[in-house]
Amino acid sequence: MESKNNWKAWLYLAPVLILMSVFTFYPILNTFVISFLKDYNYINGASKGFTFDNYIQILTPAMNKYGNSGTMFEAVTLIGLPNTMLLTFVTVPLSIIFALAIAIGLNSIKVFKKAFQTFFFMPYVTNAIAIGMVFAVIFDTQYGIFNFIFGTQGHPWIYPNPQTNQPVNYWSAFFAICFYIIWHSLPYKILIFLGGLQNIDAQYYDAAKIDGAGRLKTSLRVTVPLLSPQILYIMITSFIGAFKEYNSVIGLFGSTGGQFDQTTGPRSMKTIVFFIYEQIAANKVQYASAAAVVLFIIILIFTGIQFQVSKKRVYY
Amino acid sequence: MEAKQKIETLEEQSYQGLVLVLKDDRHNAKQKARASKISHGVWLFFTYLFLTAAAIIMVFPFYWMLTTSLKSGAEIKRMIPTFWPEVFRWDNYSSAVSRLNFGVLIRNTLVVGVFSTIGTLLTTIFAAFAFARLEFKGKNFIFSLLLATMMIPGEMMVISNYISVSLLGMTGGKNLIGAYLAMILPFMISVFYIYLLRQNFKQIPNELYLAAKVDGKSDWQFLWKVMVPLAMPTLTTILILKLMGSWNAYVWPQLIATGNRDFYLITVGLRDTFNTAGNIDDYGAQMAATVIVTVPLLLVFIFCRKYIMRGVSRAGIKG
């Protein structure tokens with residue numbers, strides 16, 4: 001019977017294995033190969049052999065000759081990587097802290113709990129592009145509600161001021177996109193943390209109370225450590241997600257990726273993934289591949305670090 | 001002095017039965033209870049204050065989207081913004097619908113959404129059944145191999161997949177069936193859903209399987225007559241999340257459909273139609289379009305909240 005099951009099992013798995021071979025396994029290997037091909041032309045499959053050129057071009061200023069509108073080095077190392085890193089290291093910790101605070105708050109109330117939960121979960125089921133466009137209206141330079149509320153009329157966040165031609169300061173645009181990314185990423189984190197909180201045994205809180213621990217101390221010393229498996233899970237998934245930030249940039253700044261005052265920081269909000277898609281559309285797949293491999297290695301390193309740290313700090 | 005107080009408290013409480021009186025910082029139990037009640041009240045007040053402020057920030061963009069979608073360009077340009085439209089400009093919606101080319105967008109999104117969802121459900125059911133119920137060599141290896149692909153950024157696959165589909169002539173906006181296939185086939189697999197459904201299938205007791213065997217039912221019959229009906233809640237979750245995914249898909253459909261507006265999915269159409277930066281007169285129609293794209297999602301959320309929450313929170317459980 002066991003042996004009879006054997007070929008049947010492969011039959012059940014066949015659709016998944018065939019589709020994944022074509023659309024997952026082969027592409028991963030192929031992308032690695034393409035990233036090492038010189039002047040690859042995918043339409044006829046021609047290339048001039050293997051090379052490290054693609055990596056050198058995107059990561060070092062050595063071959064600074066490509067294209068009219070800036071170089072590959074500039075696009076990846078001076079714009080894409082800093083944007084990606086800054087967005088990741090600002091939005092992930094902040095959104096985790098906010099989500100934890102909201103989840104702990106939600107867990108400690110009874111009245112209106114369901115209503116609050118609904119409000120906090122709403123941004124999860126929205127379209128990143130559509131809501132990005134709404135945020136662009138909120139942050140409008142002349143008539144945006146954000147500038148009105150904070151009395152900063154005429155301050156450009158997304159687009160330059162059309163009257164004074166005042167360009168967008170990079171950090172203003174950075175603030176706007178961080179605000180949007182955190183807003184959009186909170187619901188999922190709150191939901192996961194709330195699920196974890198509801199599973200914490202009340203006896204831990206009773207013990208903390210008997211020991212005379214205050215509410216804040218209880219939160220920091222009891223709740224957060226007991227929630228550490230969920231925090232680790234959220235950290236890993238949010239870091240991976242944030243390194244791949246793309247839709248939020250398109251939603252907020254449009255398909256140009258923004259245009260900022262160059263003296264204040266990178267001149268657009270283009271991320272690594274933004275660069276990858278730009279290069280695919282421009283048929284420069286070898287640079288897209290090299291950038292994708294770089295992104296993959298960065299994600300691998302950070303995930304590895306987090307697992308190492310978690311061995312010491314996560315309590316199951 | 002202290003002793004006297006102690007006796008008083010004892011007397012005060014003795015009629016309530018035997019009471020243990022603990023004295024701490026010169027406060028008796030009653031005072032202590034009152035103090036903790038007050039601090040609890042204060043804490044609760046600030047918790048509600050904080051949650052209300054956070055909830056307002058979370059909901060405000062939706063509110064602003066709705067009001068702006070009904071305002072005229074002149075009203076949007078007021079120096080002091082109005083929080084409720086003075087005149088409801090419903091024509092923003094009709095102009096949004098016609099400019100979006102809405103009928104075509106809906107048709108494309110439905111075709112891609114429905115077929116990729118059916119495909120995903122079928123491949124997921126088969127694979128989850130094999131992993132949960134059948135025995136075969138290399139089962140654990142293949143399962144871990146599938147899970148490992150979840151760690152790899154999708155961009156690694158997108159590049160080669162784009163090359164494949166464009167070599168097959170599916171890109172460039174020339175061949176509608178080809179474009180549909182290119183948008184459906186790569187998305188008929190989800191490792192995460194296979195994992196989710198496998199967990200669900202594993203909870204179905206072995207006795208049911210053996211009983212079905214005794215009754216002479218084949219694996220195939222058991223899968224469709226017993227396992228699938230029992231796993232309906234999980235399958236519904238997958239169905240809803242997958243349909244929502246198609247509605248929100250932007251990156252891949254945008255690459256495939258570039259060059260022909262008639263091949264756009266809804267999100268691609270939305271971004272492409274309203275891509276002019278800072279055109280204030282257009283904000284009304286633009287927000288009307290975002291309402292049109294957002295409202296179906298919110299409706300699904302309201303009516304299928306249970307299923308969505310279940311699928312999302314399941315991800316956080318270790319296992």
Side-chain angles (χ1 to χ4, degrees), chain A residues 2 5-6 8-10 12-13 15-16 19-20 23-24 27-28 30-31 42 102 105 108-109 116 119-120 122-123 125-127 129-131 133-135 137-138 143 145 148 159 162 188 191-192 195 215 229-230 233 244 246-247 250 254-255 273 276-277 280-281 285 288-289 292 295-296 299, chain B residues 43 47-48 50-51 54-55 58-59 61-62 64-65 68 76-77 81 123 126-127 129-130 134-136 149 151-153 155-157 159-163 186 188-189 219 244 248 250-251 255 258 267 270-271 274-275 277-278 280 283 286-287 290 293-294 297-298 301 308-309 312-313 316 318:
Chain A
E2 290 297 302
N5 259 346
N6 222 317
K8 262 196 199 159
W10 290 104
Y12 280 108
L13 276 182
V16 165
L19 281 169
M20 282 192 82
F23 294 113
T24 308
I28 292 171
N30 195 35
T31 300
Y42 71 80
I102 291 172
S108 66
I109 63 165
F116 274 120
F119 290 149
F120 288 127
M122 264 166 74
V125 289
T126 52
N127 184 305
I129 305 281
I131 293 292
M133 288 161 71
V134 175
F135 271 80
V137 170
I138 289 173
Y143 308 105
I145 185 76
F148 174 76
Y159 314 116
Y188 180 66
L191 191 73
I192 300 287
R215 282 170 210 280
Q230 279 82 9
Y233 169 79
K244 301 196 295 182
Y246 175 74
N247 277 2
I250 295 277
S255 48
V273 172
I276 292 173
Y277 286 116
I280 296 176
V285 287
S289 302
L295 178 70
F296 172 53
I299 288 177
Chain B
W43 178 264
T47 306
Y48 274 102
F50 168 68
L51 288 177
M58 296 306 252
V59 178
F62 294 103
W64 201 244
M65 169 174 76
T68 310
I76 293 168
K77 282 188 201 166
T123 60
F126 292 147
F129 179 66
L134 303 177
E135 291 302 326
F136 55 97
T149 61
M151 290 280 188
I152 296 170
E155 285 67 35
M156 296 281 289
M157 298 96 165
I159 298 166
S160 292
N161 285 340
Y162 180 74
I163 295 174
M188 282 183 18
I189 299 281
D219 280 348
M244 279 170 55
N248 290 336
Y250 175 78
V251 176
L255 274 177
T258 302
T267 307
L270 172 72
R271 179 73 276 184
F274 298 96
N275 212 0
I280 291 113
Y283 276 178
Q286 186 175 331
M287 288 302 99
T290 59
V293 173
T294 306
L297 290 167
L298 289 178
F301 172 59
I308 298 173
M309 296 283 223
V312 175
S313 58
K318 216 158 45 80

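In this text the structure is predicted, and so the values were computed from the model without any measurement. Convention: sequence-line order gives letters A, B, ...; per-chain numbering from 1.
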Going by heavy atoms in the side chains, are [X] and [Y] under 4.5 Å from each other?
{"X": "Phe116(A)", "Y": "Tyr48(B)", "answer": "yes"}
{"X": "Leu51(B)", "Y": "Phe119(A)", "answer": "no"}
{"X": "Phe126(B)", "Y": "Val16(A)", "answer": "no"}
{"X": "Lys244(A)", "Y": "Glu155(B)", "answer": "yes"}
{"X": "Val125(A)", "Y": "Leu298(B)", "answer": "yes"}

For [X] versus [Y], what's the shortest heavy-atom pair and its separation?
{"X": "Thr290(B)", "Y": "Ala130(A)", "value": "CG2-O, 3.5 Å"}
{"X": "Ala9(A)", "Y": "Ala130(B)", "value": "O-CB, 4.0 Å"}
{"X": "Met287(B)", "Y": "Met133(A)", "value": "CE-O, 3.7 Å"}

request  = Decide side chain to side chain contact (heavy atoms under 4.5 Å, CB included) for Ile189(B) and Thr24(A); before the verdict, give the C-alpha distance in whole Å, the side-chain angles of both, and the deciding distance to 0.1 Å.
outcome  = CA-CA 10 Å; Ile189(B) 299 281; Thr24(A) 308; 5.9 Å; no
key: Tyr42(A) and Tyr162(B) aromatic ring geometry - parallel, tilted or perpendicular at 30°/60° bounds   =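 Perpendicular.
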Sort out for me which of [options] touches chain A most, counting heavy-atom pairs under 4.5 Å.
{"options": "Ala55(B), Pro153(B), Ala127(B)", "value": "Pro153(B)"}
{"options": "Val59(B), Thr123(B), Asn161(B), Thr68(B)", "value": "Asn161(B)"}
{"options": "Met65(B), Met151(B), Met156(B)", "value": "Met156(B)"}

Reference residue Ile159(B); test side-chain contact (heavy atoms from CB on, under 4.5 Å); the match among Ile276(A), Asn30(A), Ile28(A) =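 Only one option passes, and that is Ile276(A).
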Counterpart residues, ring-ring contact (aromatic ring centres under 6.0 Å, His included), relative to Tyr277(A) (two or more places apart) =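 Scan of Tyr277(A) (ring-ring contact (aromatic ring centres under 6.0 Å, His included), adjacent residues dropped) gives Tyr246(A).
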query = Partners of Phe129(B) by ring-ring contact (aromatic ring centres under 6.0 Å, His included), sequence neighbours excluded?
reply =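 Here the qualifying residues are Tyr12(A).
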inquiry  = Before you tell me yes or no, could you show the steps for Ser160(B) and Thr31(A) under side chain to side chain donor-acceptor pair (under 3.5 Å), namely the whole-Å CA-CA distance, both residues' side-chain angles and the distance that decides it to 0.1 Å?
reply    = CA-CA 6 Å; Ser160(B) 292; Thr31(A) 300; 3.1 Å; yes
Which portion of [X] sits near chain B, non-hydrogen atoms under 4.5 angstrom:
{"X": "Phe120(A)", "value": "both"}
{"X": "Ile131(A)", "value": "side chain"}
{"X": "Ile299(A)", "value": "side chain"}

If I take atom [atom1] from residue [X] and atom [atom2] from residue [Y], how far apart are they, to the nearest 0.5 angstrom?
{"X": "Ile163(B)", "Y": "Ile280(A)", "atom1": "CD1", "atom2": "CD1", "result": "8.0 Å"}
{"X": "Lys8(A)", "Y": "Leu134(B)", "atom1": "NZ", "atom2": "CG", "result": "8.5 Å"}
{"X": "Tyr250(B)", "Y": "Ile129(A)", "atom1": "OH", "atom2": "CD1", "result": "5.5 Å"}

message = Is Leu270(B) close to chain A through its backbone or its side chain, or both, or neither, when contacts mean heavy atoms under 4.5 Å?
response =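 Both parts, backbone and side chain.
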ask   = Counting only N and O atoms by type, is there a donor-acceptor contact under 3.5 Å from the side chain of Arg271(B) to the main-chain atoms of Ile250(A)?
value =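 Side chain of Arg271(B) to backbone of Ile250(A): a pair is present.
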request  = Take atom OH of Tyr143(A) as the centre, draw a 6.0 Å sphere, and report whether it contains more than 12 heavy atoms from other residues, nucleotides or ligands.
outcome  =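 Yes - once you tally the heavy atoms of other residues, nucleotides and ligands closer than 6.0 Å, there are more than 12.
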request  = Using a cut-off of under 4.5 Å on heavy-atom pairs, state which of Pro15(A), Ser108(A), Ala281(A), Pro123(A) scores highest against chain B.
outcome  =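 Highest number of pairs under 4.5 Å: Pro123(A).
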